[in-house]
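So you know, we letter chains A, B, ... as the sequences are listed, proteins then strands, and number each from 1.
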There are 2 protein chains.
Amino acid sequence: METYQESAKVFKALCDPKRLAILKQLRSGEKCACVLLEPMDLTQSGLSYHMKILCDSGLVEGRQEGKWIHYRLSEAGRNKAVKLLLALTTPDIVSQNNCSSCDK
Amino acid sequence: METYQESAKVFKALCDPKRLAILKQLRSGEKCACVLLEPMDLTQSGLSYHMKILCDSGLVEGRQEGKWIHYRLSEAGRNKAVKLLLALTTPDIVSQNNCSSCDK
DNA sequence: TGTTCATATCAATATTTTTTGATTTGAGGT
DNA sequence: ACCTCAAATCAAAAAATATTGATATGAACA
């Protein structure tokens, strides 16, 4: 099983407003970094910082073509994230064990 | 539509290792705060801080009974989080618009 | 009312994350 | 080899988040 630090990585990607704005741009199709940068209130190095976090999370994939890098949403990353979210937040029916004060 | 700050709230709850450890405890059933505290490397006020974040995210619900508060996973919160995750990371087929340099 | 116990809140500090500007790397083109 | 441009990396500063200890709140009960 992955460590909590490892699990947290995917969700960390999703808890910054600027990264959510980047994801929104990618929902409409593949975009290269310079295009993603335009509408954002970010410097080039700031965008690079956020793209690294998004790619490390698996939610976004980058594809190099010459000097440009094209980013797009990853279906595999999305599916993995949903599975992880469910794994972390769904009761485990085989290990039910309310604390004594919770059993009225 | 919710703001990015609002959306980020759910995922912020999931990107701290201590909060993931708390969720793990809740997967096995309802627990009161003092029981949740025991195995954690946290002070009472630290636990209270994290429980507030988890409850505000909607993933956890608290139920007061006398002086105790019993916490449990929220099915509604989980469903909402999954929907939000999909909404943020699924391509929007009606607005496809690759950047010109992405169309080879 | 006064006491106890569980939890919340507050203010200060510590830690982590993000931003910035400068520099570096690396792919093309001349 | 040199130049240009896109992107990554680095170190320092700024901003946000987490932790701590002290104090406050609020429920139960004598």
**Asked** In whole angstrom, what separates B:Asp16's CG from D:dA18's P?
**Response** 5 Å
**Request:** Ignoring backbone atoms, test whether B:Lys12 places a side-chain nitrogen or oxygen under 4.0 Å from the OP1 or OP2 oxygen of D:dT17.
**Result:** yes
**Item:** Integer-rounded Å distance: D:dA6 P and A:Leu47 CG
**Value:** 13 Å
**Request:** Determine the minimum heavy-atom distance between B:Val35 and B:Lys31, stating which atoms define it.
**Result:** CG1-CD, 3.7 Å
**Asked** How many Å lie between CZ on B:Arg19 and C1' on D:dT19, as a whole number?
**Response** 12 Å
**Prompt:** Does A:Ala33 or B:Asp41 map to a spot on DNA chain D nearer the 5' end, using the closest nucleotide for each?
**Reply:** A:Ala33
**Item:** B:Ser48 side-chain proximity, nearest of C:dG26, C:dT7, C:dA8
**Value:** C:dA8
**Asked** Base, sugar-phosphate, or nothing for A:Gly46, non-hydrogen atoms under 4.0 angstrom?
**Response** base
**Asked** Hey, does the side chain of B:Lys52 come within less than 4.0 Å of C:dT7's phosphate (OP1/OP2), counting only N and O?
**Response** no
**Message:** Just to be sure I understand the rule, does B:Leu37 reach a base, reach only the sugar-phosphate, or reach nothing, if contact means heavy atoms closer than 4.0 Å?
**Reply:** nothing
**Message:** Quick check on DNA chain C: between A:Gln64 and B:Ser45, whose nearest nucleotide comes earlier from the 5' end?
**Reply:** B:Ser45
**Complete:** Note: A:Val10 and A:Ala81 closest approach over all heavy atoms is CG1-CB, 3.7 Å
**Message:** Expressed as a whole number of angstroms, how long is the span from B:Met51:CE to D:dT19:C1'?
**Reply:** 17 Å
**Message:** Using OP1 and OP2 only, check whether a side-chain N or O of B:Lys67 sits under 4.0 Å from D:dC29.
**Reply:** no
**Item:** Between C:dT7 (P) and B:Leu54 (CG): distance, integer Å
**Value:** 15 Å
**Asked** Using 4.0 Å as the upper bound for N to carboxylate O, is an ion pair formed by A:Glu61 and A:Arg63?
**Response** no
**Asked** Rounded to whole angstroms, how far apart are CZ on A:Phe11 and C1' on C:dT17?
**Response** 19 Å
**Message:** Distance check needed: C:dT7 P versus B:Met40 CE, whole Å only.
**Reply:** 15 Å
**Fill in**
Here the distance between atom P of D:dA14 and atom OH of A:Tyr49, to the nearest Å, is 17 Å
**Message:** Applying a 4.0 Å non-hydrogen cut-off, can you work out what A:Leu36 is touching in the nucleic acid: base, sugar-phosphate, or nothing?
**Reply:** nothing
**Item:** Given C:dT19, C:dA6, D:dA7, the nucleotide with the shortest approach to the side chain of B:Trp68
**Value:** C:dA6
